[in-house]
Amino acid sequence: VQLQASGGGLVQAGGSLRLSCVVSGRSFSSYNTGWFRQAPGKEREFVSAITWSGANSYYSDSVKGRFTISRDNGKNTVYLQMSSLKPEDTAVYYCAAETSRYSGSSSYYRTTTSYDYWGQGTQVTVSS
């Protein structure tokens, strides 16, 4: 399984970006997928996740109401629409896939160790 994230860039505060993550493999529709981010000098943190069925999505408190996660199983792609961006959203954004088809506690999806495969990251920079 390989993940390729794209869509990052430089944007002014209040602007929007859409990140994409293409996931290789014929079983994408059975993968839970998530977005995490890591700012310089900080640990990688959870941003959002969507279950393999698309029935449930989860967000960190810091992005709730501003970011929207979605998936297109026909394109093997998960998206992160980011709006009302703030300078504190500046980070490298990583997509990740969890392949056990887990369905349960929301805390599971918020943990980096739950994910089996990671993309290379895409830089998002928000200027003030």
Chemist: If hydrophobic clusters are built from ILVMFWY residues whose side chains come within less than 4.5 Å, do Ile69 and Tyr94 share one?
Modeler: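 In one cluster: no.
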
Chemist: Any side-chain heavy atom of Trp52 sitting closer than 4.5 Å to one from Tyr31?
Modeler: no

Chemist: Could you go through the side-chain contact (heavy atoms from CB on, under 4.5 Å) check for Thr125 and Ser127 one step at a time?
Modeler: CA-CA 6 Å; Thr125 303; Ser127 63; 5.7 Å; no

Chemist: Taking C-beta and beyond as the side chain, do Arg18 and Ser16 meet within less than 4.5 Å on heavy atoms?
Modeler: no

Chemist: What are the two closest non-hydrogen atoms of Asp89 and Val126, and how far apart are they?
Modeler: CB-CG2, 4.3 Å

Chemist: Carefully, step by step, assess Thr111 and Thr113 under the rule side chain to side chain donor-acceptor pair (under 3.5 Å).
Modeler: CA-CA 5 Å; Thr111 307; Thr113 55; 5.4 Å; no

Chemist: Quick check: closest heavy atoms across Ala13 and Ser128, and the distance to 0.1 Å?
Modeler: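 That closest heavy-atom pairing would be CB-CA, 4.4 Å.
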
Chemist: Kindly indicate whether the side chain of Leu10, heavy atoms from C-beta on, has any atom under 4.5 Å from the side chain of Gln123.
Modeler: no

Chemist: How long is the gap from CG on Leu19 to CG on Leu80, to the nearest 0.5 Å?
Modeler: 5.0 Å

Chemist: Please check if the side chain of Gln120 supplies one atom and the backbone of Ala5 the other of a donor-acceptor pair under 3.5 Å.
Modeler: yes

Chemist: Rounded to the nearest 0.5 Å, how far does CZ of Phe28 lie from SG of Cys21?
Modeler: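 The distance works out to 7.5 Å.
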
Chemist: Can Val92 be reached from Trp118 by stepping across I, L, V, M, F, W or Y side chains whose heavy atoms are under 4.5 Å apart?
Modeler: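 Yes: a chain of side-chain contacts under 4.5 Å links Trp118 to Val92.
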
Chemist: Count the heavy atoms belonging to other residues, nucleotides or ligands that lie under 6.0 Å from CD of Gln2, then report whether that count exceeds 12.
Modeler: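 No, the 6.0 Å shell around CD holds no more than 12 heavy atoms from other groups.
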
Chemist: Say you draw a straight line from OH of Tyr108 to CD of Glu98; how long is it, rounded to the nearest 0.5 Å?
Modeler: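 Between atom OH of Tyr108 and atom CD of Glu98 there are 3.5 Å.
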
Chemist: Check for a donor-acceptor pair, side chain of Asn32 on one end and backbone N or O of Tyr102 on the other, with a separation under 3.5 Å.
Modeler: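 Yes; at least one donor-acceptor contact below 3.5 Å.
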
Chemist: From Trp35 CH2 over to Phe46 CZ, what is the distance, rounded to the nearest 0.5 angstrom?
Modeler: 12.5 Å

Chemist: Between CG of Asp116 and OG1 of Thr99, what distance do you get to the nearest 0.5 Å?
Modeler: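 Interatomic distance, Asp116 CG to Thr99 OG1, rounded to 0.5 Å: 3.5 Å.
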
Chemist: Mind checking whether Val78 and Met82 sit in one hydrophobic cluster, side chains of I, L, V, M, F, W, Y counted as touching below 4.5 Å?
Modeler: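 Val78 and Met82: one cluster.
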
Chemist: Among residues two or more places apart or on two chains, list those pairs meeting side chain to side chain donor-acceptor pair (under 3.5 Å) that have a residue in residues 73-84.
Modeler: Arg71-Asn73

Chemist: In Å, rounded to the nearest 0.5 Å, how long is the span from OG of Ser29 to CZ of Arg101?
Modeler: 7.0 Å

Chemist: So Thr33 and Tyr115, do their side chains get closer than 4.5 Å, heavy atoms only?
Modeler: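 Sidechains of Thr33 and Tyr115: no contact.
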
Chemist: Which heavy atom of Ser105 sits nearest a heavy atom of Ser107, and at what distance?
Modeler: OG-OG, 2.8 Å

Chemist: Are the charged groups of Lys64 and Asp61 less than 4.0 angstrom apart, N to O?
Modeler: yes

Chemist: Do Ser106 and Tyr58 have side-chain heavy atoms sitting under 4.5 Å apart?
Modeler: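 A side-chain contact under 4.5 Å exists here.
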
Chemist: With the side chain counted from C-beta on, respond yes when Tyr109 and Thr51 share a heavy-atom pair under 4.5 Å apart, and no when they do not.
Modeler: yes

Chemist: Please report the closest heavy-atom contact between Ile50 and Ser70, naming both atoms and the distance.
Modeler: CD1-CA, 4.0 Å

Chemist: In terms of hydrophobic clusters joined by side-chain contacts under 4.5 Å, are Phe36 and Val22 together?
Modeler: no

